[in-house]
Amino acid sequence: LAQHGLDVLVLEEDPVIGEPVDCSGVIGREAFDVLELPTASIQDHLQHIEVIAPSGQALPVSFPNVLAHIVDRSAFDRALAGQASTAGASVWTAAVVRALRVAKEAVHLTVMRNGSSISVRARAVVLASGPRYQFQQQLGMGGPSRYLKTVQVEVEQPMATPLRVFLGRKISPGSFAWWLPVRQGRGYRVKIGVTVIDGSSQAAFRAFLELLRRRGELEPDGLTARGWMIPIAPLSKTYSDRVVAVGDAAGQTKPTTGGGLYYGLLCARIAAEVIANGIRRRDLSSRSLAEYERRWRHVLRRELAAASRFRRLFERLSDADIDRLFAFLAQDGFMKRLERNMDFDWHRNAILQTLQERPLAGILLGGALRSQAARWFD
Ligand SMILES: Cc1cc2nc3c(=O)[nH]c(=O)nc-3n(C[C@H](O)[C@H](O)[C@H](O)COP(=O)(O)OP(=O)(O)OC[C@H]3O[C@@H](n4cnc5c(N)ncnc54)[C@H](O)[C@@H]3O)c2cc1C
């Protein structure tokens, strides 16, 4: 928005930009090519993954090129705030937006800063508040219908290990857990986390730590970690008079993994163009800002639909189903064929290819049929 020549004020409630961190910081390579993202915060690169089945079987997956970069999310956010300041935006920290009122000529915000209440008047407001939906609900945009609950911790690690993704109902019902090592100076750190769709994420995290200890990958100690959440379905409406929502505030994430940085930033760019046009035309009405939603849905609609359906199929698989999937994937050379369609951010092609393979489709659809049949005969 500042690059469009507008007066911009960024309001961040935390005292320090980028802290606390609720993110692993894995961003696909394409995002760095398409958007001018800061590269100085890149800690490591992702080119190999080991996926671990509930049985413990490991499926190594290698890509011909770097698939994604892993950033220090705190440094990444500070660099983005720096870019905004350089473009002319003012960035206020420790500034909590407490209330928002849309009037005919402006939006009025009440901001708490250093113990004082400040009134801010703006022609337009971008809600980029992460997974918080108070203002969206107030403005009739609703909230996301589905969430992943997450827990993550970051600890030192003495040696290099591969990135591992763990599947299985005991540690991550309907979702996945991760062991994500990054280089730091001469040593390593590892981000350890789980996502769950149902049940307690803290219980899932404890089960995951226990598994890692049994595998000899983690010293026993009392690790505690912060829980957070990720929306995995967009809001039914992401605009109203003078207001748009972007990023997690709009539910613009990948329903498969919950990764939201690239989709959120892509949509933010569209939001900036639409608002700048609206200001030029002196029309920031809901009808004018509807163009934002039309444009971002045009980019993401098919991906979100495919990924969301695939997730629902995956959520119904038992551990035995996942083990059978692995047995097939490991035997068949399928992973090599799938490589062509594998993309860090765009999953639809890989999903369609997977469903073309009869044994895989059988396992994936079998879980859905079983749960449907259980309901029929209940
Ligand atoms: C454990 C975990 C791991 C993840 N890993 C990845 C990953 O590897 N790759 C990926 O792409 N995505 C990942 N995600 C998702 C990713 O973190 C989010 O999609 C992304 O942070 C969304 O960015 P955002 O700017 O929309 O919201 P946020 O990053 O949540 O930023 C919102 C900001 O708004 C501020 N705020 C909120 N309300 C107010 C208010 N009233 N007044 C002032 N300020 C306010 C908050 O303090 C916050 O700083 C992960 C998420 C979690 C929880």
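Small disclaimer: the values here were computed from a predicted structure and weren't measured. Whatever order the structure lists them in is the order used to number ligands and atoms, beginning at 1. All residue numbers in this chain count up from 1 along the given sequence.
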Salt-bridge contact Glu210-Arg206 (side-chain N to carboxylate O under 4.0 Å): no
Only heavy atoms count here, so choose which of Arg132, Arg73, Lys191, Lys149 is nearest to atom 38 (N) of ligand 1. Arg132
Where does the angle between the aromatic ring planes of Phe314 and Phe310 fall among parallel (under 30°), tilted (30 to 60°) and perpendicular (over 60°)? parallel
Nearest heavy-atom contact between Trp92 and Ile118 is CZ3-CD1, 4.1 Å
Counting from 1 in the order shown, the ligand 1 atoms closer than 4.0 Å to a non-hydrogen atom of Gly25 are 7 (C), 8 (O)
Heavy-atom proximity to atom 5 (N) of ligand 1, picking from Ala31, Ser24, Gly264, Pro20, points to Ser24
Atoms of ligand 1 under 4.0 Å from any heavy atom of Val96, numbered from 1 in the order shown, are 42 (N)
Out of all atoms in ligand 1, which are within 4.0 Å of some heavy atom of Gly258? Include the element for each. 15 (C)
List ligand 1 atoms under 4.0 Å from Gly247, heavy atoms only on the residue side. 26 (O)
NZ/NE/NH1/NH2 to OD/OE distance under 4.0 Å, Arg370 and Asp321: yes
Taken in chain and number order and not counting sequence neighbours, the residues that satisfy side chain to side chain contact (heavy atoms under 4.5 Å, CB included) with Arg215 are Ile52, Arg164, Phe166, Leu211, Glu217
I'd like to know if Asp44 pairs up with Arg183 as an ion pair, taking the criterion as any Lys NZ or Arg NE/NH1/NH2 lying under 4.0 Å from an Asp or Glu carboxylate oxygen. yes
Could you establish whether Ala95 and ligand 1 come within less than 4.0 Å of each other, counting only heavy atoms on the residue side? yes
Would you mind running through ligand 1 and noting each atom that sits below 4.0 Å from a heavy atom of Leu11? 43 (C), 44 (N)
With the threshold set at under 4.0 angstrom, would you say Gly193 reaches ligand 1 through any of its heavy atoms? no
Within ligand 1, which atoms have a heavy atom of Val26 less than 4.0 Å away? 7 (C), 8 (O), 9 (N), 10 (C), 11 (O)
